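This report concerns only the one structure given below.
For reference, positions follow the sequence shown, starting with 1. Since the structure is predicted, the reported quantities are computational estimates derived from the model, not experimental observations.
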Amino acid sequence: MADGEVVNGSADNQEVAPSGKKSGHASLLDSGEDFEMLDDVEEDVDDDLPPLEDAGGGKKKNNLAKDATKADAVADQTPSAEPEEWLDVLGNGQLRKKVLEPGAGPDSRPQRGQNVTIHLKTSLTDGTVVEELPNLSFTLGDGDVLQGLDLTVQLMEIGEKALIEAGAKYTYGALGSSTPAVPPDADLILEVQLLSADDAPDLELMPPLERISLANRKRERGNVHYQRADYAFAVNSYGIALQITEASSRVDISQQEEEELLDMKVKCLNNMAAAQLKLDHYEAALRSCVSVLAHQPDNVKALFRKGKVLALQGEYAEAIKTLKRALKLEPSNKTIHAELSKLVKKHSEQKGAEQAMYKKMLGNPSNSSVQKHRAKSSWSLSWKWLFGATAVAIGGVALSVVIAARN
């Protein structure tokens, strides 16, 4: 494979931050906030198209969907572009395209879902070339590359060479990148030539090992988005990887390959839950955790995240029960210990507040009974005193009558 060549949407070198070693299958939840822990994520990787409808959406979902829709509208309405004409792709001045050499005509434009290969040269606005990839391959519309690149390539014709001015919002954003070396908030100039566009292979006919590899590349791309805090894009990539693992197969598949596909599916669901939590989509995250636990009931990450979701929804009793189950599986895990202690305290405070509220609503029964007893005692004493006084008075009158009779 030539330098810079990426097959079927890996393109990880398009948004990878400092290079380094992989963490591999690290101990689950063994360092800090678990939502930062992804299956097989590179610790040094910096964390683009709209997320799937069933993926839980995201805070960026509406803007991403609007951008893709605008690009589609431009593709439908734009005739074969002439050289030297700038096209404002999204209508906001942040993504512009100019044809340098025309291609084979509008009918040759690629469609979303096709695998495209391009020659890409990336430069800063001062002319500094930061990267040149002679054969970059990716799946159009899957978020495998920079958003600005993904949106504009679908407007190109086979053989066309174009210049793209992309604002930082549609490239590496506020984080920038170390590989290639792009400063934070840097606008870029992309010189692109569309070399080919081919239909993606039929998943049902794809050999199992190739399908596992493809799903893994999509998942790793999701990890890159996650590390760059592009959580909606991460959900999208994980969702595509899930679709690959869940596709039916019309070729022979061994038991081991089935297990590897299931393992890949569980990893994608776990990582998707983490991204959905970052987007505050608790119901979607809960569904992802439940799906993991349906396949692996003792998956500690899924149990931990399920407990977190339940706690965020105010279901403290069920959250505590779930976290206790996770702690039983990993008794020495400090993260679970800390989260469980925090939830037990919150649950106790909640119960105390509820009891105080009920007492306020219903009154204090003990004070009420004391007051009733005192009132009863007071009336009893009053009647006894009145009866006694009456008896004395009657006795006095009787004595007076007797004395008068004697006289």
Side-chain angles (χ1 to χ4, degrees), residues 23 25-41 43 47 54-59 222-223 226-227 229 231 234-235 238-239 242 262-263 265-362 364-366:
S23 60
H25 293 274
S27 176
L28 297 178
L29 315 175
D30 56 0
S31 62
E33 174 62 44
D34 176 56
F35 297 160
E36 303 299 337
M37 302 290 292
L38 295 179
D39 286 312
D40 296 342
V41 68
E43 295 174 345
D47 232 282
D54 62 348
K59 295 176 181 177
N223 291 351
Y226 185 95
Q227 291 294 310
Y231 302 119
V235 168
Y238 296 141
L242 276 174
L262 178 58
D263 182 62
K265 177 180 179 178
V266 166
K267 288 181 178 180
C268 293
L269 284 167
N270 248 335
N271 291 2
M272 179 178 280
Q276 289 164 336
L277 276 165
K278 289 292 189 181
L279 295 167
D280 297 335
H281 290 288
Y282 303 141
E283 288 297 330
L286 185 60
R287 288 195 299 270
S288 296
C289 293
V290 169
S291 296
V292 172
L293 296 172
H295 297 294
Q296 296 180 0
D298 293 336
N299 189 292
V300 177
K301 282 189 175 183
L303 287 169
F304 181 83
R305 291 185 178 123
K306 181 182 177 182
K308 291 283 287 187
V309 173
L310 291 170
L312 290 167
Q313 293 178 324
E315 302 289 340
Y316 293 125
E318 190 64 28
I320 290 171
K321 179 181 177 182
T322 303
L323 288 178
K324 282 183 176 179
R325 184 177 164 195
L327 190 61
K328 185 177 180 180
L329 294 168
E330 287 197 9
S332 61
N333 193 295
K334 294 180 180 179
T335 304
I336 302 177
H337 270 290
E339 186 65 25
L340 187 55
S341 298
K342 183 172 66 176
L343 288 186
V344 169
K345 182 179 179 181
K346 282 186 178 182
H347 188 42
S348 178
E349 292 173 351
Q350 183 190 50
K351 290 173 67 176
E354 288 175 353
Q355 290 175 355
M357 180 182 67
Y358 293 146
K359 285 182 179 180
K360 186 175 181 181
M361 291 172 60
L362 303 176
N364 192 325
S366 58

Distance col, row F304:CZ vs E330:CD, nearest 0.5 angstrom, shows 11.0 Å

Distance col, row C289:SG vs Q276:CD, nearest 0.5 angstrom, shows 8.5 Å

Residue set satisfying side-chain hydrogen bond (donor to acceptor under 3.5 Å, both in side chains) with E315, at least two apart, ordered chain then number -> none

Rounded to the nearest 0.5 angstrom, the CD-CG distance for Q296 and L303 is 10.5 Å

Taking every heavy atom of A319 against every heavy atom of G307, the minimum-distance pair comes out as CB-O, 3.4 Å

In this structure, OH of Y238 is separated from CE of M272 (nearest 0.5 Å) by 9.0 Å

Separation between CG (N299) and CG (N270), nearest 0.5 Å, reads 4.5 Å

Check: H337 and L340 side chains under 4.5 Å, non-hydrogen atoms = no

Those residues at least two apart in sequence (or on a different chain) that pass salt bridge (Lys or Arg N to Asp or Glu O under 4.0 Å) with K328 are none

Quiz prompt | Main-chain N/O of A285 paired with R305 side-chain donor or acceptor, under 3.5 Å | solution = no

With E339 as partner, the option from L323, N333, I320 fulfilling side chain to side chain contact (heavy atoms under 4.5 Å, CB included) is L323

Does E283 reach the side chain of Q313, with side-chain heavy atoms less than 4.5 Å apart? yes

The reported gap from CG in L242 to CG in N271 (rounded to nearest 0.5 angstrom) is 10.0 Å

Inset, instruction - Would you indicate whether the side-chain heavy atoms of L329 and I336 approach each other to under 4.5 Å? - result: no

Any side-chain heavy atom of K265 sitting closer than 4.5 Å to one from V292? no

Nearest heavy-atom contact between K306 and L293 is CD-CD1, 3.9 Å

